[in-house]
Amino acid sequence: MHSHDSSILDNPEHKQVADMRAVLVGHPNVGKSVLFNALTGKYVTVSNYPGTTVDVAQGTGRVRGHLVEFVDSPGIYSLVSHSEEEKVTRSLLLQSPGVLIQVADAKNLARTLSLTFELSELNIPMVLCLNMMDEADSWGYRIDAERLSEILGIPVVKTVATTQEGLEELRKSLFQAAPPKWKNSYPPEVQRAIRNLQAELPDKLRFISALLLQNHTPPEDFPLLPPQISGRIAHCLENIRRRFLRPLPAIFIESRREQAALVLAEVLTSPAAPFSVPAGRGLQVLGQWCLRPWPGYLIAVLALWALYEFVGVLGAQIAVDFLENTVFGGTVNPVLTRAVHLLVPWPFLRDMLIGDYGVFTMALTYAFALILPIVTTFFLALGFLEDTGYLPRLSVLLNRAFKIIGLNGKAVLPMILGVGCGTMALLTTRILDTKKERILASFLLALAVPCSAQLGVIFAMTAGLSGSVFALWLFVVVATFLGAGWVSSKLLPGAPAPFLMEIPPMRLPQMKNLLTKVASRLKWYVWEVVPLFIYGTLALYFLDALGWLGAVERFCAPLITGLLGLPEKATEAFLVGFLRRDYGAAGLYQLQRQGLLSLRQSAVSLVAITLFMPCIAQWFMSVKERGLKVTLAISGLVIFYALLVSAGVNQILLALGWS
Amino acid sequence: MDVNKKYPIPSTEEEDVEQALGILWTQFEQGVIKKSELEALLQEAIRPGILEDLIQGGFVSQTDGNLCMSGKGLTIAHDMARRHRLAERLLTDVLELPREQIDPNACRLEHVITRDVENAICTLLGHPQACPHGFSIPPGECCMKALKHTGPIVAPLSSMLEGQEGQIVYLSPHNRPELHRLLSMGLVPGSVVRVVQTSPAVVVSTPDGILAMDPVLADHIFLRRKNGAGAHHEKQ
């Protein structure tokens, strides 16, 4: 995959070819994705959760009659990679990107230019897009784009992606893109080092020598490098590094920063205040409040409460109730059932479509009546929070709490998402820095984070009982979350990455962009997640048809009745709970309403169903993200913990005299 | 002797005396003053007969089998210990030399560092109190002066108060990826940052934007504090 298409580099005329490719690259939070949406008009392929994953979105747009393929890459700070995002973007750039569009926050030219200088060494046709010009203007920055363009030798375009200003110019500039004329002037000893290394490299790879010098991973991990010379290169690098007292990356970055400062002096007139946040603006003051313990924690509680009201009540209860009972239960499913009865003569296939574990009656009803309203409200709320810039602030506030369980503040996003839908949440664990953190977060999501579908039924169930049952449930789940997290963080090898995060300024979200984002995520949900529900349902259907479901039930029953002290009928609820978390809870709810559960049994079963296996979609997602081995290990641990804690609760309650 | 030499470089003899006095300072700190023990140590570390030279030169005197430094000896020993330990700090924190190279280099540097350089290094490092081995660094004039003002001038970010401003002097994270990440996020030597808040995470305003970090990382970023920028009037 790393075969380098040198013709792209050697032949700048390629851009005249009708089908060209343009890669959007830049720092995080500079509006790449909004720009991408504007350029392509719509998502053609959304591989995954944009903005928060390392996946790459691709789409096409028409520019002057040419079909251009645009690629949206994950945000990076530098080409020297230590995060997954940077690795993905770097290998994307080292392949054959066509034209590079560096998207930049116009308010932040110093770091923009550092990255421009770094990118210039790739010798790829480039355009610099100074985005967020409206903010830069209002903050008093004046940028001489023409002069900057002269200095760099590439087109420099000013845009406001959110209102599509300057987009036409950006499109036009794609045809004037050229490899930058800018040459980095590093200190003489660094230049000598670059020359030495270049002598060892084949001609067409010479451009990566500066990158190799700054890289801290062994050269054999480096894309492009033929394996037969990587040993020699490693030796050469070792010799060079020994000559420098200070780490080479530091020398490179400082040198680029110095050069950027010189260029800035020519092209930028900035306001007197050296700091990027102008004081006294209402929104920014709110932003500062959100960061401080007081009133930050209060705001966090309010935000989570609003999130719950919107997703947990409006989405998971009102909308679900309407869709499930009225739309699907009252209209869609009866019609489908009748149609299947008419059209499908074979009972086997008929059951597969509309039986107890039918694709229509179970999988699609679940996917569209139950989860779709939840994820829709959730994506709206999440997109809103993302666009305001609140989430990084929440990460800061909760960093310390997450440290207890071996994670850092970045884990806020997956954990909050998990309360919405664990399957979505698993995807966003990719933003965590280390493998250890990703496994830990996946484990905790599977064990102790109930999803909103389940929470709805749990709340309904505890509403009819005494408050002490709810308090007990809450205490046990939170304690398990912290306890299991703490223990596993000690057991898993490796250290967590220290928390380091950029805090973007607070902004008012633009409705149109928010809706585009939500639409693209929903599309992803329908194409990527819904199939998981169908596979799961089919698996369950075959298990049932072959009679294995009953066998598993009989096998597990002693565990449920003996260890947990629950009625035998509860076994079914736990098994079904694997397919639909809320069905499991609903099964228990049914038992409770029939008077088959005592207060103790209600409490124990609630704890057990919460901690027990996640739904099958989350399980499949876990296999996809973490691999089968890790997922099996997590499953084993989850079952063990769930049984241990529930049995413990049972024994304690029995000892306390609960019947 | 080379007559063209503009600046005096200590001759081997002087260097031996300085070295010996430095060793004695360290031993005295630990309470070792017995002549018999110290003579053996000096003999092994420098050369036989060095103690006699010290006594004859009036650097050291002896009473009841114990050694004691004269005023002249004390001054040199103080400077040697101070320069050696400052050099160790410099080589460790700023230049990030591997452990095994710290001591041999510090041993050579202590003899060539002048008073001005000594004080400049001390100021750069924020008038540190102890060397990497934990021995205390004897304070110099510059430390006394700094004490009158606002404590050390160069201090880790984690020690700064809300509202204070400082210019980054150097970073010393324990591994390279972190150093690179900090640098590429705009925490470059020379850039000016302001502390927005210190808890629950350290939040700083930089020319590149606002960054939040674990206090652990803030321990490794060293800033030259801007004078007068106090927490008093900016605290909200």
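Below, read A as the first sequence line, B as the second, and so on, with proteins coming before strands; counting in each chain starts at 1. In this text the structure is predicted, and so the values were computed from the model without any measurement.
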Trainee: Top residue by heavy-atom pair count (under 4.5 Å) with chain A, among B/L91, B/V203, B/L211, B/V202?
Mentor: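 Sorted descending by pairs with chain A, the first entry is B/L211.
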Trainee: What residue in A/E502, A/E258, A/R257 has the most heavy-atom pairs under 4.5 Å with chain B?
Mentor: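 Most heavy-atom pairs under 4.5 Å with chain B: A/R257.
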Trainee: Quick test of your reading of the model: are A/E437 and A/K410 salt-bridged, counting only N-O distances below 4.0 Å?
Mentor: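 Looking at A/K410 together with A/E437, the answer is no, because their closest N to O distance does not fall below 4.0 Å.
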Trainee: Looking at A/E118, A/R111, A/H27, which hits side chain to side chain donor-acceptor pair (under 3.5 Å) with A/S78?
Mentor: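 The residue from A/E118, A/R111, A/H27 that satisfies side chain to side chain donor-acceptor pair (under 3.5 Å) with A/S78 turns out to be A/E118.
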Trainee: Looking at B/R115 and B/E118, is there a salt bridge between them, counting it only when a charged N and a carboxylate O are closer than 4.0 Å?
Mentor: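 Looking at B/R115 together with B/E118, the answer is yes, because their closest N to O distance falls below 4.0 Å.
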Trainee: Before giving the answer on side chain to side chain contact (heavy atoms under 4.5 Å, CB included), spell out for B/V188 and B/I168 the whole-Å C-alpha distance, their side-chain angles and the decisive distance to 0.1 Å.
Mentor: CA-CA 7 Å; B/V188 201; B/I168 298 179; over 6 Å; no
Trainee: Specify which of B/G190, B/P189, B/A201 makes the most heavy-atom pairs with chain A at under 4.5 Å.
Mentor: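 Of B/G190, B/P189, B/A201, B/P189 has the most heavy-atom pairs under 4.5 Å with chain A.
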Trainee: Report the option among A/N408, A/L291, A/L397 that has the most heavy-atom pairs separated by less than 4.5 Å from atoms of chain B.
Mentor: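 Sorted descending by pairs with chain B, the first entry is A/L291.
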